[in-house]
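This report concerns only the one structure given below.
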Amino acid sequence: MSLESVKNFFQENNLPLYVEESQKDTSTVKLAAEAFGIMEDEIAKTMGYKLKNGEYILILSKGTAKLDNKKFKAIFQEKAVMIPFDEVVEATGHPVGGVCPFGLKTPLKIYLDKTLKEFDIVYPAGGSPHSAVKISVDMLAKITQGEWVDVSKD
């Protein structure tokens with residue numbers, strides 16, 4: 001179970017993090033913000049992309065950020081292609097709406113969009129469409145070993 005993989009990841013790595021669960025659906029930025037009583041931009045939206053070589057990557061940004069395709073292409077030398085819906089669980093171990101950079105099925109390269117730096121604390125999903133993890137941006141960067149990029153529209 002994906003939620004359990006995230007909880008196990010935190011426990012196995014001695015991380016002082018907790019998966020907050022909600023009875024409400026948190027599968028979109030808007031719903032997650034409402035469920036946890038925070039601003040939409042405080043959600044660390046995790047988007048998965050599939051590169052031409054078959055590699056899957058995750059990019060986290062603030063909740064309302066929109067991908068700038070030109071910036072993506074300048075960094076990755078190819079057009080942004082989302083992970084196909086039917087490959088998300090296989091690629092990440094998490095269902096759509098619960099994808100996060102923790103407890104992944106296999107290690108993936110993580111990128112952190114500069115929009116996250118606007119906040120001290122953000123809330124990525126916690127492995128299910130009913131969860132979130134309250135985490136500092138600094139800890140998120142450290143745990144994920146994420147590479148900072150600028151791929152959002154200004």
Side-chain angles (χ1 to χ4, degrees), residues 1-13 15 17-36 38 40-73 75-116 122-135 137 139-141 143-153:
M1 184 173 171
S2 183
L3 185 65
E4 292 305 313
S5 72
V6 173
K7 291 178 179 179
N8 289 340
F9 176 81
F10 293 158
Q11 187 174 22
E12 290 166 5
N13 290 283
L15 298 170
L17 297 170
Y18 173 75
V19 178
E20 297 180 41
E21 296 179 69
S22 173
Q23 295 300 317
K24 298 177 182 178
D25 181 7
T26 62
S27 62
T28 68
V29 169
K30 183 175 176 26
L31 292 172
E34 289 172 3
F36 294 105
I38 58 176
E40 289 182 32
D41 278 346
E42 292 176 292
I43 299 296
K45 175 173 63 177
T46 305
M47 304 298 288
Y49 297 92
K50 185 175 183 179
L51 302 179
K52 286 181 186 173
N53 65 5
E55 177 186 4
Y56 299 111
I57 62 170
L58 298 179
I59 299 178
L60 283 77
S61 65
K62 74 177 184 180
T64 62
K66 302 288 185 214
L67 182 74
D68 184 317
N69 287 304
K70 288 181 181 177
K71 289 180 179 181
F72 184 98
K73 190 169 186 175
I75 293 170
F76 298 102
Q77 308 305 309
E78 62 186 84
K79 181 180 174 184
V81 176
M82 301 275 308
I83 298 174
F85 184 86
D86 61 344
E87 293 179 29
V88 172
V89 172
E90 182 63 30
T92 67
H94 303 313
V96 171
V99 175
C100 66
F102 317 114
L104 295 165
K105 183 175 181 179
T106 56
L108 298 178
K109 182 70 178 156
I110 309 294
Y111 295 90
L112 305 173
D113 185 70
K114 71 174 188 168
T115 56
L116 292 174
V122 292
Y123 297 76
S128 79
H130 299 277
S131 64
V133 176
K134 181 180 180 179
I135 186 170
V137 172
M139 182 178 274
L140 177 65
I143 291 170
T144 63
Q145 297 178 354
E147 180 181 326
W148 288 101
V149 292
D150 176 7
V151 292
S152 291
K153 292 181 180 177

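Small disclaimer: the values here were computed from a predicted structure and weren't measured.
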key: Side-chain donor/acceptor of Lys105 to backbone N/O of Val89, under 3.5 Å   = no
request  = Check for a donor-acceptor pair, side chain of Thr115 on one end and backbone N or O of Lys62 on the other, with a separation under 3.5 Å.
outcome  = yes
ask   = Rounded to the nearest 0.5 Å, how far does CZ of Phe102 lie from CD1 of Ile143?
value = 5.5 Å
inquiry  = Has Ser5 got a side-chain atom pairing as donor or acceptor with Gly103's backbone, closer than 3.5 angstrom?
reply    = yes
ask   = Which of these passes ring pair (Phe, Tyr, Trp, His ring centres under 6.0 Å) with Tyr49: Phe72, Tyr56, Tyr111?
value = Phe72
query = Tell me, do Val19 and Phe10 make a side-chain contact under 4.5 Å, heavy atoms counted?
reply = yes
key: Backbone N/O of Val29 and side chain of Lys45: donor-acceptor pair under 3.5 Å   = no
query = Hey, are Glu55 and Lys109 close enough for a salt bridge, meaning a charged N less than 4.0 Å from a carboxylate O?
reply = no
key: Pairwise distance NE2(His130) to CG(Asp25) - rounded to 0.5 angstrom   = 5.5 Å
query = Within a strict 4.5 Å, meaning less than it, do heavy atoms of the Leu60 and Pro101 side chains meet?
reply = yes
inquiry  = Nearest 0.5 angstrom please: Thr92 OG1 to Leu108 CG, how far?
reply    = 7.5 Å
task = Give a yes or no on whether the backbone of Leu31 and the side-chain of Thr26 come within a donor-acceptor separation of less than 3.5 Å.
result = no
query = Any idea which heavy atoms bring Ser61 and Asp113 closest together, and the distance?
reply = CB-CB, 3.7 Å
remark   = CG of Leu3 to CD of Glu21, rounded to nearest 0.5 Å, is 4.5 Å
request  = Say whether, by atom type as modelled, one donor and one acceptor occur between the side chain of Ser2 and the main chain of Gly127 under 3.5 angstrom.
outcome  = yes
query = Under the 3.5 angstrom rule, does the side chain of Asp150 hit a backbone N or O of Lys114 as a donor-acceptor pair?
reply = no
